[in-house]
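Quick notes on the structure that follows.
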Amino acid sequence: MEIEPGRIINDFIEPNKKQYTIPVYQRNYEWSSEQCIKLFQDIVQAYKRDKTHFCGSVVYAYLKEEHNIVYYVLIDGQQRITTVYLLLKAMRDLAETAGTKELIDEALYNVDKFDTYDVTQQSKLKLKPVESDNNQLYLLMEEKYDKVDKSTGIWINYELFTKLIKEEQAKGLTVKEIYKGLEKLLCAKIKLGADDNAQEIFERINSTGVPLNLSDKIRNFVLMTDVNQEKLYKDYWLEIENLIDKKQMPNFFQDYLNLKIDGFAKESTAYEYFKKVFRDNNYTNESMLQELFHYAKIYHVFLYGDKNKYNEYTNKALDGLRNLKQTTVYLFLFSVFDDFENKVITEEELDKVLSFLLSYSIRRLICDVASNSLRGLYKTLYTRIFSNAANKENYYDSIVSFMLQLSTNDAIRNDTIFKQALIDNNLYRKNALCKYLLSSIENQGKESLEIETGNLTIEHILPQNKNLSEEWQKMLGSNWEFDKEKYQHTLGNLTLTGYNSELGDRPFTEKLELLDSKNTKVVVLYKDVNDCKEWNINTILNRANILADMILQLFPIENPKNKISFDSPGYKEYSCDNPDNAEYKRPDYYILQGEKVNCNSFASMLISLSKRLYDLDSTIIETLAKENVHLVEGKYASFSYDRNQVNEDTQIEGTEIYISHNYNSPKLIKIISQLLDYYEIEQSDFVYSACSTDIKK
């Protein structure tokens, strides 16, 4: 590897018979307007002050020599080089003299004055971006402006530079003077040799350009190190990009990783986990891309649906989960859709599973069940249900049987609890859920005649206004303030309308006229309102009962025809409420916020749990260790950086923190309970399974 100071223009742009190729593993050109403006200002100031300006590093490597043209591959710095190239094109088009135009032409193009190099259309330009950008750059350089995609960064920044140059020209600055400013751009030239590991060097570079996101890093990893990178790019990566929007790509990769690893990958650690998964499982670049492509096709269905491959109900159920932002379920659905594609389950069974998950999600949301356990639940749910392959013979029944037997906070809320929550709870504050349920009530059975709800808003029949009119106060009765506060945002008082601003705080009789005359398409939700002569707590509760029954019919939990037992003989699940329950017991597993983790002793349970909590928030355990806090009475601290302060020399994996775990089982459970409190995790979000020590597993 050679590192030396260089200049963007003199060393990379001006020299003849060279072309810099941006490899397929690099991202598309995406410098922002702000970055382009800043660079342009730096160039102008460099000229005016006659001072150089450092703009980062350029990492490149020799590729080949063909027809006297030397080809290099740009490993880092492609965003800056491309930006300078676009600036030069704008300068060339606005140059005041033929001499300045010729100067810039010789910078932009490989010149073959004597026809000795066999310069082709491909080798004429000194820059070759990634495929999609290359076509746009070619059209721009050939001045085929009508064919350039005006939404690309190539065109947008070319136009921006044109505008900026004109502004400077109006102030008296010439294009040739701007070019002199360009010549003052310094960089660190890093030329790699045959023995250099381009991937490792690339990762170590502290680039001054746009930070790489998770998908950028993964793309570079699986393409940079393969000789067939162009084929892999076209066959797999480009297909993945076509399936999943750029903004969703990091989420896709994080979900994929959480499917593959023990524990969870944060955004900050996900790339390291990806490399570990790749190496530990002996993937090749192509086999990894094949797997990513497979899951990207499934993820595409989660995000956007697929009416060609899946029926109307499948698409509707996925749309419901998406609208309610229940995206953590994707970790479980990856495996379910795999089973469908492998013909383990039928389309009917797939729809039953989706129907259950949608109803389960709605019940959680309505009953205000905290969502912090969902990710853990869905991550391990498939394994917990189908570790016994025979359960796949009763696929739906196994899923529902398992969920019905849960004793944690993730347990299914029954119809009675669900209906009461529908009637009593503030539904309006959960706007997306509220609108989804009201729309579902209105559209039930309508099929092709469903109303479009996009332009409809949620309307309070009893107004929200604190200064309620005397007419409304009289209708509600003497206790109107309390009743209004309690019931105004509940199901019985809510409907859909396209005329929310017109209805406002009008008297009930006027609202009825408007609802009747201007919202004739909304029928089901208005039926019980139009039949009323007054609107008070009794009518609100009566309507809430009717609508709640409709929701129960629309989103039922179908009981299993064959109940599958998931109880292990002799084992029982316990919470931390009574630590003495752990005495003379042997644990099998624990469940933390929905995620099941196997363990064979209470000591290993504490160590494993501490690691998971540390990954969740390291600062809490670090503070406990610094202060040598005793979570149970005794000589030793529970956590410490000092080996002498604890009763064992065990450290939490990946840290320098020692943990005391040489206690009897009740004390270990008490420590776990104390830890949950420090992390503000509900005690009900943790259970463990154990049996008496005289029962053999």
Side-chain angles (χ1 to χ4, degrees), residues 8-9 12-33 35-36 39 58 60 63-75 77-95 101-113 115 117-163 165 175 179 182 209-210 219 223 229-231 233-234 237-238 241-242 246:
I8 295 292
I9 289 293
F12 290 99
I13 304 293
E14 280 185 340
N16 200 26
K17 298 187 295 180
K18 288 185 179 181
Q19 186 182 84
Y20 290 91
T21 298
I22 297 172
V24 294
Y25 55 76
Q26 292 281 23
R27 59 189 165 188
N28 292 336
Y29 176 67
E30 53 187 32
W31 255 33
S32 67
S33 298
Q35 289 172 299
C36 290
L39 177 65
V58 178
Y60 65 107
L63 192 61
K64 63 181 179 180
E65 184 172 345
E66 199 170 271
H67 301 298
N68 290 313
I69 302 293
V70 181
Y71 294 87
Y72 296 93
V73 60
L74 274 178
I75 295 168
Q78 56 115 335
Q79 298 283 334
R80 285 184 296 279
I81 297 291
T82 305
T83 301
V84 170
Y85 212 75
L86 294 176
L87 173 57
L88 283 169
K89 169 59 177 166
M91 290 167 62
R92 190 257 178 217
D93 292 346
L94 296 172
K101 282 191 177 182
E102 185 178 354
L103 172 70
I104 297 174
D105 278 341
E106 290 181 0
L108 290 170
Y109 303 102
N110 284 311
V111 180
D112 186 9
K113 292 181 179 179
D115 294 327
Y117 307 141
D118 192 23
V119 172
T120 65
Q121 194 66 51
Q122 286 73 33
S123 63
K124 181 181 178 182
L125 294 180
K126 292 180 182 176
L127 179 70
K128 183 187 178 186
V130 294
E131 188 170 342
S132 56
D133 286 337
N134 187 42
N135 182 50
Q136 298 304 315
L137 183 65
Y138 168 77
L139 293 171
L140 177 66
M141 301 306 291
E142 290 295 307
E143 299 185 354
K144 297 178 179 180
Y145 300 129
D146 57 321
K147 294 183 179 181
V148 179
D149 183 349
K150 303 302 189 294
S151 68
T152 62
I154 295 288
W155 176 260
I156 291 170
N157 288 343
Y158 163 76
E159 276 204 317
L160 173 62
F161 282 132
T162 300
K163 173 176 172 289
I165 293 165
V175 167
Y179 192 88
L182 263 174
V210 180
R219 180 195 58 235
L223 293 174
Q229 55 187 232
E230 290 201 19
K231 181 180 184 300
Y233 174 76
K234 290 179 180 178
W237 190 268
L238 197 56
E241 286 188 335
N242 290 334
K246 185 190 297 185

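It should be emphasised that the depicted structure is a prediction, and the values quoted were computed from it without experimental measurement. Just so you know, these numbers use all the heavy atoms, side chains as well, and skip hydrogens, waters and symmetry mates.
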Hey, are the side chains of [X] and [Y] touching, using non-hydrogen atoms and a 4.5 Å cut-off?
X      : Y      : answer
Tyr109 : Leu125 : yes
Asp149 : Ile154 : no
Ile104 : Val175 : yes
Val70  : Tyr72  : yes
Leu86  : Leu140 : yes
Lys126 : Asn110 : yes
Ile8   : Val58  : yes
Leu88  : Leu182 : yes

Supply the atom-to-atom distance [X] [atom1] to [Y] [atom2], rounded to the nearest 0.5 angstrom.
X      : Y      : atom1 : atom2 : result
Tyr158 : Lys150 : OH    : NZ    : 10.5 Å
Leu127 : Gln19  : CG    : CD    : 7.5 Å
Ile13  : Glu106 : CD1   : CD    : 14.0 Å
Leu103 : Leu108 : CG    : CG    : 9.5 Å
Tyr233 : Arg219 : OH    : CZ    : 8.0 Å
Lys124 : Tyr138 : NZ    : OH    : 8.5 Å

| Heavy atoms of other groups near Glu102 CD, more than 12 under 6.0 Å |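 Incorrect, the count does not exceed 12.
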Ignoring hydrogens, what is the shortest heavy-atom contact between [X] and [Y]? Give both atom names and the distance.
X      : Y      : value
Ala90  : Thr162 : CB-OG1, 3.7 Å
Leu139 : Lys147 : CD1-O, 3.5 Å
Glu65  : Asn68  : OE2-CA, 4.1 Å

| request: Would you mind listing every salt bridge (Lys or Arg N to Asp or Glu O under 4.0 Å) that reaches into residues 82-94, with sequence neighbours excluded? | output: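 Listed once each, the pairs are Lys89-Asp93, Lys89-Glu143, Arg92-Asp105, Arg92-Glu143.
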Non-neighbouring partners of [X] that pass salt bridge (Lys or Arg N to Asp or Glu O under 4.0 Å), sequence neighbours left out:
X      : value
Lys101 : none
Lys231 : Asp235
Lys163 : Glu167

| Residue list, ring pair (Phe, Tyr, Trp, His ring centres under 6.0 Å) with Phe12, at least two apart or on another chain |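 Partners of Phe12 by the ring pair (Phe, Tyr, Trp, His ring centres under 6.0 Å) criterion, ordered by chain and then number, come out as Tyr20, Tyr60.
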| task | Taking ring pair (Phe, Tyr, Trp, His ring centres under 6.0 Å) as the test, write out the residues that go with Tyr145, two or more places apart. | result |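 Residues passing ring pair (Phe, Tyr, Trp, His ring centres under 6.0 Å) with Tyr145: Trp155.
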| message | Evaluate Tyr179 against Ile9 for side-chain contact (heavy atoms from CB on, under 4.5 Å), listing each step before the verdict. | response | CA-CA 9 Å; Tyr179 192 88; Ile9 289 293; 3.6 Å; yes
| message | Any side-chain to backbone donor/acceptor pair from Asn157 onto Cys36? Under 3.5 Å, distance only. | response |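 Checked: no pair found.
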| Can you check whether Glu30's main-chain N or O pairs, donor with acceptor, with Gln79's side chain at less than 3.5 Å? |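 Such a contact is found between Gln79 side chain and Glu30 backbone.
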| message | Using the side chain to side chain donor-acceptor pair (under 3.5 Å) definition, which of the options Asn134, Thr83, Thr152 pairs with Tyr29? | response |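 The residue from Asn134, Thr83, Thr152 that satisfies side chain to side chain donor-acceptor pair (under 3.5 Å) with Tyr29 turns out to be Thr83.
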| said: For Met91 and Leu87: C-alpha separation, side-chain torsions, deciding distance, then whether side-chain contact (heavy atoms from CB on, under 4.5 Å) applies. | reply: CA-CA 6 Å; Met91 290 167 62; Leu87 173 57; 3.7 Å; yes
